[in-house]
Amino acid sequence: MNKKAIITSALPYANGEIHLGHVASTYLPADVTTRFLKLNGVEAYYVCASDDYGTPILLQSEKEGKTPAEYVSHWNKRDYEDFTAFNIEFDFFYKTSSPENIAFVQDVFQKLNDAGHIYEKEIIQFYCNNDKKFLPDRYVKGTCPDCKADDQYSDLCESCGRVPEEIINPKCSICGQPPTKEKTKHYFFKLKNFGDLLFKWLDEHEHLQKDVKKYVQNWIKSGLIDWDITRDISWGVPVPLDAAEGKVFYGWFDNHLAYISTAIKFLNDKGIDGKEFWNSADIYHFIGKDIVYHHYLFLPAMRLGINSEYKLPDYIPTRGHLTLQAKKISKSRNWYIGLKDFLKNYRADYLRYYLISINPYSQDDLNFDWNDFATRINSELIGNLGNFVNRALGFTKKTFDGIVPEIDTFDDKDTEAEQKIKSLATDVGLLLEQNHLDRALKKIMEFSSFFNQYFQHKEPWKKGPGTANCVFLSVNAARSMAIALFSFLPESAQQIWEQLGLSGKIDELTWSNMSELGIPSGHVLGTASPLFAKVEESDIEILKKQLGPSE
RNA sequence: AGCGGGGUGGGGAAGUCAGGUCAUCCCGGCGGGCUCAUAACCCGCAAAUCAGUAGUUCAAAUCUACUCCCCGCUACCA
């Protein structure tokens, strides 16, 4: 395992609140991974930033009578608060509109330009005389020439799925007026130059997901298109050329560069040589499958274009999208659940548990279902794990006055239990290293289930000769669970720790500590109380109506 | 339209890349046990020709071909 790592997750676009879909695919998996790496002694930093630029933000801020800067600063703050409430622990959360990023983006552009990867081209684009704006693809709607469906985007018909050659009856999607066509000069990035290199990079990179790789390679085979990287709007990183007055970079040119500029700023401020650290660390970019193109093509191509001055990513864990009650999440149709709203009803760990347990390491979509949520929390998290911890600690309190008893010779069952503890760090660790967070969590649940069985079979309440061993091992198992669980459910893990009467914070420990019998005979436990309250069916029914969308 | 991913007991999923050790896990149903624990937990039973057809193989949920359904992505979006 590399002893250094930089973890990033897709940048939240600063024009709306964080919802369950965002955290499920990106922020939560990245947070769990970072915590895991840190416990393993890796110098890992999790950095992120709000994505501040672009036309949608400009339009929305105008609508709300704010400057774009005020508008994005509001969302930057709010997003960070929501993440923090969910125990997503960034080492640094910054913004793409930072002076550091602007300078960095302009510098990268200069280097790409000097290396001959940029060219100018005059294009004809729709222009709205009413709004006084050039209208990029999505801002023009009309009738699809292929299937005649109305109200389709000029760059994609959602009805037949084709990319229209020329849309019929174009209309400005802001004001509805027909736009005119105007000439404008844009800058293009020669993505075509990088097809072979990208293909090879994908081929040779063992850590990249196979399913995604295949997908992207097919795209390369069918031919890459040079990429229009500028826009005629006022809100963005200015193109640093005299001839480019009034032009800014397209959001996807600048935003992923903030991974680098943000990390460097954070590291330099800490007194670490940021560039050197970046280039010697494992780089992780956690993303959702919708931005595969940007992270598997644009981003590596740009880094290759500046001679890999900053190394390419080692891992791009890509996950599917969350559906809500089996339907696509959509803010505009109000079919989504805001993170903040959710956390008003249930603590972070419930959601963390549920989202990880349904989230495989693949591009497959996953589904949030209220009843499934209730069932999993009640029967798995509470019935299995919460119950075990509570019965083990409660029993020790009741029978041994909270003092862990002296042990005798282990019988076969005891030895088996001891083995489970000893192999836990490896069993769970291997899965986490492979990014299988869901399976790793399941392993911990299996461990807990084993100990419920063990406890049952040993029947310590009958006060037979095996009682002391059973209590000793059960209490130690609870300790192991706390450490293993910490990356997933930090709050609950720490709670178990305190109930065990242990001092300090789990994040000061080492991963392998979980496989030690760390609680000696004679240790005095803390106060045991149930860790989790049940999810009530009646509440779920109410929430379904409230948070869930009304059609 | 192109590309990608799926169809596994009543419901939801894992297992498929590296074929046998596999039919597993959770919910639900039925029957028992226990009483330390949040009506929890433990043991057992019923229920699946692993979408269909053909093939490869000593051996297929797993590999190949075709067919039928479902879903997602297509360069704004986690």
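We use all heavy atoms of the structure for the numbers below, so side chains are in, but hydrogens, waters and symmetry mates are not.
- Within the structure, every side-chain polar atom (N or O) of A:Tyr454 is placed at least 4.0 Å from both OP1 and OP2 of B:C41.
- Using a 3.5 Å distance cut-off with no hydrogens or angles, the side chains of A:Tyr353 and A:Glu380 do pair a donor with an acceptor.
- No contact: A:Ile358 has no heavy atom under 4.0 Å from any strand.
- A:Lys534 comes within 4.0 angstrom of a base, heavy atoms only.
- Residues A:Asn255 and A:Asp51 bring a donor and an acceptor atom of their side chains to less than 3.5 Å of each other.
- A:Arg439 has a side-chain polar atom (N or O) that falls below the 4.0 Å cut-off from OP1 or OP2 of B:G15.
- Remark: the A:Tyr296 side chain and the A:Thr318 side chain contain an N/O donor-acceptor pair separated by less than 3.5 Å.
- Using a 4.5 Å heavy-atom threshold, the side chains of A:Tyr71 and A:Ile57 count as touching.
- Within the 4.0 angstrom heavy-atom criterion, only backbone atoms of the sugar-phosphate kind lie near A:Gly383; the bases stay farther away.
- Across all strands shown, B:G72 is found opposite B:C3 as a Watson-Crick or G-U wobble partner, with both distances under 3.5 Å.
- In this structure, A:His321 packs face-to-face on the six-membered ring of B:A78, meeting both the 5.5 Å centre cutoff and the 30° plane limit.
- We find that CD1 of A:Ile382 is positioned 11 Å from P of B:A39, with the value rounded to whole Å.
- Between the side chain of A:Asp414 and the main chain of A:Cys470, no donor-acceptor pair closer than 3.5 Å is present.
- Among the atoms of the strands shown, base atoms are found under 4.0 Å from some heavy atom of A:Leu531.
- Between A:Ile220 atom CD1 and B:A75 atom C1' the separation is 13 Å, expressed in whole Å.
- Closest approach to the A:Lys398 side chain among B:C36, B:C42, B:U38 is made by B:C36 (side chain taken as heavy atoms from C-beta onward).
- When both pairing distances are held under 3.5 Å, B:G31 makes a Watson-Crick or G-U pair with B:C43.
- Nucleic acid contact class of A:Phe532 (heavy atoms, under 4.0 Å, all strands): base.
- The residue among A:Ser379 and A:Ser529 whose nearest nucleotide of RNA chain B is located toward the 5' end is A:Ser379.
- If you check B:A75, B:C42, B:U38 against the side chain of A:Ile225, the one that comes closest is B:A75.
- Using a 4.0 Å heavy-atom cutoff across all strands shown, A:Tyr250 reaches sugar-phosphate atoms only and no base atom.
- Here A:Phe395 does not lie in a stacked arrangement on the base of B:C36, lacking the combination of planes under 30° and ring centres under 5.5 Å apart.
- For A:Leu322, counting side-chain heavy atoms from C-beta on, the closest listed nucleotide (B:U38, B:A78, B:C41) is B:A78.
- Heavy-atom nearest nucleotides on RNA chain B were determined for A:His457 and for A:Arg319, and the one closer to the 5' end corresponds to A:His457.
- Here A:Ile287 lies in heavy-atom contact (under 4.0 Å) with sugar-phosphate atoms only.
- Side-chain proximity of A:Lys462 to B:A78, B:C41, B:C34: nearest is B:C34.
- Here the nucleotide nearest the side chain of A:Phe298, chosen from B:C36, B:A75, B:U38, is B:A75.
- A:Phe388 comes within 4.0 angstrom of nothing in the nucleic acid, heavy atoms only.
- Using a 4.0 Å heavy-atom cutoff across all strands shown, A:Asp290 reaches sugar-phosphate atoms only and no base atom.
- Checking B:G33, B:U35, B:C43 against the side-chain heavy atoms of A:Gln453 singles out B:C43 as nearest.
- Closest to the A:Tyr13 side chain, of the nucleotides B:C34, B:A78, B:A75, is B:A78.
- Taking 4.0 Å as the cut-off between side-chain N and carboxylate O, A:Lys192 and A:Asp226 count as a salt-bridged pair.
- Residue A:Ser25 places a side-chain atom within donor-acceptor reach of the base of B:A78, judged by atom type and a 3.5 Å distance cut-off alone.
- Remark: B:C63 base-pairs with B:G55. Criterion, Watson-Crick or G-U wobble with two distances under 3.5 Å.
- Contacts of A:Pro530 with the nucleic acid, taken as non-hydrogen atoms under 4.0 Å apart, include base atoms.
- Residue contacts for A:Lys289: at a heavy-atom cut-off of 4.0 Å it reaches the sugar-phosphate backbone alone, with no base atom in range.
- Of the possible polar contacts, none joining the A:Tyr187 side chain to the A:Arg231 backbone as a donor-acceptor pair under 3.5 Å is found.
- Using Watson-Crick or G-U wobble geometry with both donor-acceptor distances under 3.5 Å, B:C36 finds no partner in any strand shown.
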